[in-house]
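Because the structure is predicted, anything quoted here is derived from the model rather than measured. Below, chains carry the letters A, B, ... as their sequence lines are ordered, and counting in each starts from 1.
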Amino acid sequence: MLIYFFKRLLHGIPVLFVVSTITFVIMRVVPGGPFDQEKKLPPEILVNIQAKYHLDQPVTTQYLLYLKQLVQGDMGPSYKYIGRDVADIILDTFPVSITLGVLAMLVVMGVGIPMGVWSAYRQNSVIDRICMFYATLGISIPSFVLGTVLVWLMSHKLQWLPPALWEGPRHMILPAIALGAPFSGYIARLTRSAVLEVLSSDYIRTARAKGLTESVILFKHTLKNSIFPIISVLGPLTAGLVTGSFVIEFIFSIPGMGSFFITAVTNRDYPLIMGVTLIYAVLIVLANILVDIIYMWLDPRVRV
Amino acid sequence: MSFFSKLSFGFLGVVFFSAIFAPWITPYSYETQDTLNTLATPTFSHLMGTDRLGRDLFSRLIYGARVSLFIGILTTLLALVIGTIYGSISGYIGGRIDGFMMRVVDVIFALPDMLMIILVTVMMGRGVAGMFIALTLVSWVTVARLVRGEVLRIKETTYVEAARALGASSPRILMQEILPNILGLVVVTLTFRIPVAILAESTLSFIGLGVAPPFSSWGTMANEGWKSIKFYPHLILFPSLAIFFTILSFNFLGDRLRDGLDPRNKTRFG
C-alpha cells in the first residue's frame with residue numbers, strides 16, 4: 001500500500017511539471033509585463049527592475065531559474081506585494097481557503113447523502129420528487145447567484161449573518177453554504193441512484209429475508225455498498241470546490257488564495273500566479289490519490 | 001413531453017428569439033442613457049429598471065443574451081467537433097497512438113480548468129475571443145474521452161466487422177458506421193456542455209475577469225449589480241434569473257434527452 005502511494009505520488013510529478021510549464025508559457029507569450037503601468041517608469045529603472053527579477057533573460061533561462069528555485073523550496077518574491085515572498089502569502093492564505101473548502105465539503109456530504117438515501121427509500125414519492133427537484137436546482141444555480149441571494153437575504157434584509165470578511169465561525173456559514181449547496185444536489189442524485197441499485201440487489205433481499213431490521217440493512221449493507229460512486233467523484237468534486245472558491249472568496253471578500261490569484265492575474269504578478277496555480281494543482285493531484293487509496297481501503301476487490 | 005420540458009423548451013425559445021432579433025424588440029439601445037432616470041426601479045417605461053448610468057436593464061439583458069449564448073453555444077460546438085474528431089480517431093486506431101493521444105488528454109484534464117481559463121482569458125486581453133479560446137481549450141478533452149470510449153465499444157460490434165469484411169475503408173467505416181451511432185451521445189453532450197460553458201462565462205465575467213466593455217454579458221451585468229446589491233437589488237436580480245433559468249432549462253432538456261435516447265431506461269418521471 002505504501003509503495004502504491006509513493007508510486008502515485010511520482011506519477012503526479014509530470015502533471016505538476018506540465019501545469020507549471022503551460023502556466024509559465026501562457027504568462028510569457030502574451031505582450032505586456034508586470035511593470036507596464038499607466039505612468040511609464042523611467043527606462044533606467046525599468047532595466048534595473050527587470051535585471052533584478054531576471055526578466056531581461058530569455059524565457060527558457062527564466063524558466064530554468066524558476067524551477068531551480070522551486071526545487072529548493074523557494075517560490076520567489078511577489079512583484080506586487082513588495083517585500084513579501086510568494087511562499088509567505090500562500091502560507092497566510094492557504095489555511096483560509098482550505099477551511100472554506102472543508103466546510104463546504106461538509107455541506108455537500110451532510111446535505112447530499114441523507115437526501116439521496118431518503119429519496120431512494122421513497123422512490124417516486126413526493127419526497128423523492130422534491131429532493132430530485134432540489135438536485136436539478138443545485139446543478140443549475142451558479143454559486144455566485146446563490147451567494148448573492150444569501151448575502152442579500154441573510155445579511156442585508158434579515159441581518160442575521162455578516163455579509164463579508166473572515167473573522168470567526170459566524171462569517172463562515174454563508175460562504176460554506178454558497179460554495180457547497182450547488183454540489184450537494186449532484187451528490188444527492190448520485191447517492192439516490194447508487195442506493196436504488198443496491199436496494200434491488202440479491203443480498204439486500206437476503207438480509208430482509210433473514211429478518212434484519214431496516215436500520216441494520218440501511219447502515220450495514222446499503223450505505224456501505226453505495227458509497228463507492230460518491231468516493232469516485234471526490235476528485236472532480238475537490239476540483240469543483242477549488243474553482244468555486246474563487247467566486248465565493250470574491251463575493252465575501254475572504255482573504256484566501258482565490259482572491260490573491262485574481263489580483264495576481266490582473267497585476268501579472270508572475271511568481272504569485274505560478275505559486276497559487278501549483279498549490280491548487282498539488283491539491284487536486286493529492287485529492288485524486290487520496291480517493292484511490294480510500295477506494296482500496298474500503299473495497300477489498302481492488303486491493304493490489 | 002412533460003410540462004417542465006415544454007416550459008424549458010419555450011423559455012429557451014424565447015431567449016434565442018430575443019437574442020437573435022435583439023435590435024427589433026428592445027425598447028432602447030443597450031447604451032442609451034436616460035439620465036433623468038438613473039437607478040430606477042422597474043416601471044412601465046423601463047420594464048426592469050435602469051442601471052447606474054440610466055441604461056435600460058431590459059434592453060441590456062436581451063443584448064447580454066447574445067454574448068452569453070454566443071459564447072456558450074459556439075465554444076461547445078467547437079469543443080464538440082474537435083473532441084469528436086480527436087476521440088474517434090484515437091479510439092479507432094487504438095494501440096500506441098491511442099495511448100499517446102489519451103496521455104495528452106489526461107494531462108489537459110488534470111489542469112485546474114478555472115485557473116487555466118482565467119489565465120488564458122486575462123492574458124489574451126479580456127475579450128470575447130480570449131474567453132472563446134480558453135473555454136474551448138479546456139472543454140474539448142471531456143468530449144474526446146467520451147467519444148473515444150464509445151468508439152472503442154462500437155468498433156467491436158458485429159456490424160462494423162461486417163462492414164470491414166465487405167471491404168469498406170477505414171474512413172468509410174468511421175463516417176458511415178461509427179459516427180451515426182455516437183451521434184446520440186454527441187447531442188446529449190451538447191445539451192450538457194452548453195450550460196457548463198454559460199456558467200463558466202458568467203462566473204468569470206462576474207468576478208470581473210471575463211467579457212469586458214463594450215460587450216456585456218449577463219455575468220458582467222450581475223457584476224455591475226453586485227456593487228449596489230444592498231440598495232438596488234433589482235440590478236443583479238434580473239441577470240441572475242436569466243442565467244439561472246437558462247442553465248436550468250438546458251440541464252432539464254439534457255436530462256430528458258438522455259432518458260429518451262437511452263433504450264435501457266424505461267422509467268420516466270416528471
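Contact of B:Ile207 with chain A is made through backbone and side chain together, with heavy-atom distances under 4.5 Å. With a 4.5 angstrom heavy-atom cutoff, A:Ile273 touches chain B only via side-chain atoms. For B:Leu248, the parts sitting under 4.5 Å from any heavy atom of chain A are the backbone and the side chain alike. Using a 4.5 Å cut-off between heavy atoms, B:Ser249 does not touch chain A at all. Of the two parts of A:Val265, the backbone and the side chain both hold a non-hydrogen atom closer than 4.5 Å to a non-hydrogen atom of chain B.
Chain B forms the most heavy-atom pairs under 4.5 Å with one residue out of A:Val149, A:Leu283, A:Asp128, A:Val247, and that residue is A:Val247. Contact count against chain A (heavy-atom pairs under 4.5 Å) is highest for B:Thr203 among B:Thr203, B:Thr246, B:Leu241, B:Ile108. The candidate from A:Thr277, A:Leu16, A:Ile22, A:Ile141 with the greatest count of non-hydrogen atom pairs under 4.5 Å with chain B is A:Ile141. Of all the listed residues (A:Leu137, A:Val285, A:Asn288), the one sharing the greatest number of non-hydrogen pairs under 4.5 Å with chain B is A:Leu137. Of the listed residues (A:Phe246, A:Phe133, A:Trp152, A:Tyr280), the one with the most heavy-atom contacts under 4.5 Å to chain B is A:Trp152. Most heavy-atom pairs under 4.5 Å with chain B: of the set A:Ile262, A:Ile284, A:Val276, this distinction falls to A:Ile262.
The number of heavy atoms from other shown groups lying within 6.0 Å of CZ (A:Phe24) is above 12. The environment of B:Ile97 atom CD1 is sparse: at most 12 non-hydrogen atoms of other residues, nucleotides or ligands sit within 6.0 angstrom.
Side-chain contact check for B:Phe206 versus A:Thr148: some heavy-atom pair is nearer than 4.5 Å. Using a 4.5 Å cut-off on side-chain heavy atoms (C-beta onward), B:Ile243 and A:Phe144 make contact. The side-chain heavy atoms of B:Asn223 and A:Phe250, taken from C-beta on, include a pair separated by under 4.5 Å.
Atom CZ in B:Phe252 sits 11.5 Å away from atom CD1 in A:Ile139 (nearest 0.5 Å). Taken from CG in B:Asp255 to CZ in A:Arg189, the straight-line distance is 4.5 Å, to the nearest 0.5 Å.
Shown here for A:Pro142 and B:Leu199, the closest heavy-atom pair between the two residues is CB-CD1, 3.2 Å.
Partners of B:Arg145 according to the salt bridge (Lys or Arg N to Asp or Glu O under 4.0 Å) rule, which considers only residues two or more places apart in sequence or in another chain, are B:Asp106. Evaluation of the side-chain hydrogen bond (donor to acceptor under 3.5 Å, both in side chains) rule for A:Ser20 yields A:Tyr63 as partners, not counting sequence neighbours.
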